[in-house]
Amino acid sequence: MSPATKSASKSAPKSVPKKTATEAPQPKATTPPADGIHPGSLLSITQLSLDEVSNILALAERLAGEPSSKHATLLENRKLALLFYESSTRTRTSFELAAKSLGAMTTLVSDKSSSIEKGESLKDTGLTLRALGAECIILRHNASGSPYLLAKHTGLPVLNAGDGMHEHPSQALLDLRTILSRLGKMQAVTDKALDGITVCITGDILHSRVARSNALLLPRLGAKVILCGPQQLLPPEAEDLYPGITLERDFDKALQQSQVAMMLRIQKERLAGMQIDLADYQKQFQLNEDRYFKHAPDALVMHPGPMIRGLEITADIADGPNSAIEEQVRNGLAIRMALLVRALNGGAA
Amino acid sequence: MKSILIKGGHLIDPPSRTDRPRDLLIHDNRIVEVGDPGKLNPTAKKEGAEVIDATGLVVAPGLVDIHVHLREPGQAHKETIESGTRAGAMGGFTALCCMPNTSPVNDSPEITRWTLSPERNAVIRVFPVAAATRGSMGETITEYGSLKAAGAVGVSDDGKPVLQDAVMHQALIAAARAGLPMIQHAENTKITVGASMNAGARAFRLGLRGMSVEAESGIVERDIRLVRELTTSGKGPRPHLHVQHVSTAKAMEAIRHAKRAGLHVTCEVAPHHFMLTDEAVEGYNTHAKMNPPLRSEADRAAMVTALLDGTADCIATDHAPHAVHEKEQEFEKAPNGITGLETALSLSIKMLHHQHRMPLLRLVHLMSTAPAHIMGLRGRGTLAPDAFADVVLFDPKSTWTFNARNSPSKSRNTPFDGQTLPGVVKMTISEGRIVYKA
């Protein structure tokens with residue numbers, strides 16, 4: 001057994017900390033991972049209590065604020081595998097750079113240039129990475145729920161870097177950090193931290209893991225979440241995602257109420273035959289100068305990327321003074337550093 | 001010639017409404033006589049009968065499962081006719097109707113006969129359901145007359161629906177002429193592309209595409225309309241539509257109306273659809289993935305109600321074995337279905353008898369007499385003299401712990417593994433042979 005594997009199993013406490021139930025407004029707010037899932041895993045944003053969210057953000061804050069030399073050897077000689085079944089720029093690079101800035105070794109396995117192409121299963125791919133000494137796997141996959149499968153069969157901490165239409169929890173954390181810092185609320189993460197703040201998430205909600213993770217996290221800090229989009233891309237059941245979430249078909253009305261406008265791309269790769277009238281979509285849901293200055297001139301503009309400029313958002317808005325889009329990317333680095341430390345620290349951040 | 005006397009048991013025989021202590025005498029492969037306790041002793045002694053003490057046990061006609069997948073030919077790594085029938089015997093079944101979605105599809109008298117060949121080593125009776133259309137492609141109906149002559153007891157494209165109105169219309173007519181039930185897997189596959197669980201809030205949150213209630217009820221309603229048209233036209237024999245694994249309240253309501261209108265429409269409910277809801281999918285549990293999917297609590301409760309009020313005619317398992325590596329995949333990739341033969345009786349006792357006070361007489365009707373009748377299996381589902389000596393002995397009061405690893409089935413894809421359940425099958429007798437003994 002490699003030293004890496006040994007330390008991974010040693011650092012794993014026997015059970016998940018059980019302090020989540022009382023903080024949540026609804027019983028479904030937090031769902032701790034099932035037995036056999038490593039507590040350092042982050043599969044869904046719903047598994048984190050607000051305390052844990054707070055700890056992760058605080059650690060991200062510290063890591064981002066201190067000189068990089070202070071944490072350059074924090075994860076020295078630890079082995080991380082990036083397992084990517086879908087293309088990615090931001091998430092992959094930020095996880096990789098986060099790992100390297102902590103001194104960890106990383107390896108990238110993608111579906112295009114590995115035995116996955118020959119038909120190797122996700123389980124076997126995970127077991128292979130574990131056998132090679134990987135102590136944590138960062139997984140992006142086109143099938144919803146695949147991180148659960150990988151976490152169950154490898155016993156390793158698995159970080160969900162986006163699974164199908166399900167969730168993208170690290171994105172929600174970096175978005176939260178962005179919102180808190182830009183709105184000057186960087187103090188404590190409590191159930192009132194975002195009181196009075198309305199966030200409208202607009203676009204292809206149906207296919208968006210970013211929308212789900214954000215909509216499952218932000219209301220727990222007191223934010224009001226409005227989901228906005230056409231019927232096709234925003235089915236009525238989206239309202240049941242979390243208590244208090246509202247649906248709004250009229251983007252102008254949604255903007256008028258919002259302090260944060262989070263825009264989403266139409267996910268062509270997941271439309272499964274659905275026909276979208278793009279001209280009509282632009283007319284109704286594009287965030288452009290006219291609409292922005294008319295309805296929400298001070299709103300913070302966010303986009304998880306990749307952006308399709310000219311479709312859901314125009315360049316002047318994406319590059320404008322209230323855009324936090326690049327800051328989101330930068331925050332991704334800090335959040336992912338914190339998540340890697342947490343993963344290799346047995347779930348404590 | 002061999003005789004068996006089963007004495008001291010509590011006999012439950014739905015056709016004769018027997019529900020009291022009775023002894024049972026079997027000679028060779030037939031039931032000879034049912035008599036008051038002790039009354040058959042002299043005859044049994046004279047014949048040198050083997051005596052089975054059934055004290056404390058229910059003695060009932062062997063269970064009949066009209067919806068199983070035995071996977072042969074073509075997928076013997078999941079199940080064989082031998083292993084599947086052994087699992088059936090363990091569950092108290094003496095007759096299984098196997099679906100045609102094998103490889104190749106059973107759409108010919110040759111494959112039907114192959115399935116029935118003694119070389120398959122079935123330990124209980126197998127009754128093939130043949131494909132309703134060639135290759136189950138939904139285009140051209142098969143030769144129902146010759147399939148029946150070869151041993152088929154019904155026609156179905158199970159796993160897929162017969163989607164086109166014209167083909168379904170034709171199939172109903174041809175099946176009626178052949179005297180076979182037309183058995184439908186009700187799913188509008190045009191609107192379930194890529195779907196892997198019940199549509200709704202949970203599917204949305206889990207990021208899985210959902211199968212709507214209407215995908216099932218729409219086809220059931222369409223089929224009932226076709227049956228009504230054919231029935232009221234008065235031309236040709238009355239068609240018999242059997243709806244498989246009903247999972248939604250809406251489809252069940254359509255069936256309730258059809259029955260009231262006097263149409264020959266029957267249906268089955270699978271134990272998982274009255275035991276579980278789509279909550280079981282949480283954590284992407286592939287042992288909770290089946291088609292039709294687990295539904296809402298209201299749908300689950302509607303399945304129980306339908307079994308209690310008689311809208312649902314019978315219980316059928318949809319026993320669908322899959323290898324471990326096939327289920328250990330991404331949820332959307334994993335195949336549909338769970339095994340069910342080993343647990344059907346216990347789950348039915350637990351939910352229907354214990355929780356909803358359904359009399360065992362009615363439960364045995366739903367699991368033996370009614371399904372035998374739907375598929376036209378003569379001499380099954382009854383303990384009347386001269387019926388086949390298909391008998392199950394079970395203890396409804398004690399419990400057992402199901403360990404899927406110990407099942408004779410080649411697969412163990414079940415969400416009920418490790419559960420302690422009421423109702424212990426003690427013995428299964430198929431045509432006078434003891435094929436399972438606890």
Side-chain angles (χ1 to χ4, degrees), chain A residues 28 31-37 43-47 85 119 121-124 126-127 139 141-153 160 162-168 205-213 215-216 227 234-242 245 270-274, chain B residues 77 188-215 248 277-290 293-299 322-336 413 415 417-418:
Chain A
K28 66 176 179 181
T31 44
D35 291 344
I37 305 275
L43 309 181
S44 159
I45 198 71
T46 60
Q47 79 179 65
Y85 284 73
S121 69
L122 177 58
K123 175 182 171 176
D124 285 328
L127 294 179
L139 176 69
H141 200 292
N142 49 13
S144 298
S146 43
Y148 290 76
L149 179 77
L150 187 68
K152 186 177 152 200
H153 290 297
N160 180 358
D163 62 329
M165 295 155 39
H166 175 229
E167 279 210 48
H168 197 349
I205 310 285
L206 174 62
H207 301 111
S208 174
R209 49 202 179 206
V210 175
R212 283 178 181 75
S213 286
L216 288 165
L227 300 176
L234 176 58
E237 58 264 30
E239 198 164 7
D240 299 326
L241 207 49
Y242 198 84
I245 288 178
R270 294 186 225 279
L271 289 182
M274 193 188 282
Chain B
H77 69 285
N188 183 353
T189 46
K190 284 184 197 154
I191 56 171
T192 58
V193 178
S196 55
M197 72 170 289
N198 185 37
R202 196 181 302 278
F204 185 84
R205 177 165 52 74
L206 292 172
L208 296 170
R209 296 175 200 273
M211 297 185 174
S212 65
V213 162
E214 287 71 26
T248 63
T277 67
D278 62 4
E279 194 182 348
V281 174
E282 290 290 340
Y284 301 89
N285 177 10
T286 57
H287 286 172
K289 183 182 177 186
M290 60 282 285
L294 299 173
R295 302 281 188 180
S296 68
E297 173 55 23
D299 288 314
H322 292 292
V324 171
H325 70 270
E326 293 166 325
K327 278 291 196 181
E328 280 183 349
Q329 292 194 83
E330 295 86 333
F331 191 84
E332 290 159 276
K333 251 176 144 180
N336 285 309
N413 50 309
D417 193 16

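In the text below, chain A, chain B and the rest are named by the order of the sequence lines, each starting its count at 1.
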| Between A:His166, A:Glu237, A:His153, which residue shows the highest count of heavy-atom pairs closer than 4.5 Å to chain B? | A:His166
| query | Given the options A:Glu167, A:Lys152, A:His141, A:Arg209, which has more heavy-atom pairs under 4.5 Å with chain B than any of the others? | reply | A:His141
| Under 3.5 Å, is there a donor-acceptor pair between the side chain of B:Gln329 and the main chain of A:Ser121? | no
| A:Asn142 side chain near B:Glu330 side chain, heavy-atom distance below 4.5 Å | no
| request: Output, in order, the C-alpha distance, side-chain angles, deciding distance and verdict of side-chain contact (heavy atoms from CB on, under 4.5 Å) for B:Tyr284 and A:Ser144. | output: CA-CA 8 Å; B:Tyr284 301 89; A:Ser144 298; 4.1 Å; yes
| field | Geometric cation-pi criterion A:Arg212 and B:Phe204, 6.0 Å radius, 45° cone | value | yes
| Which one, B:Gly194, B:Gly200, B:Ala203, B:Gly210, leads in non-hydrogen pairs under 4.5 Å with chain A? | B:Gly200
| said: On a heavy-atom basis, which atom in B:Arg209 and which in A:Ala272 lie closest, and how many Å separate them? | reply: NH1-CB, 3.9 Å
| field | Region of A:Leu206 that comes under 4.5 Å of a non-hydrogen atom in chain B | value | both
| Distance in Å, B:Arg205 CZ paired with A:Asp240 CG, rounded so as to fall on 0.5 Å steps | 10.5 Å
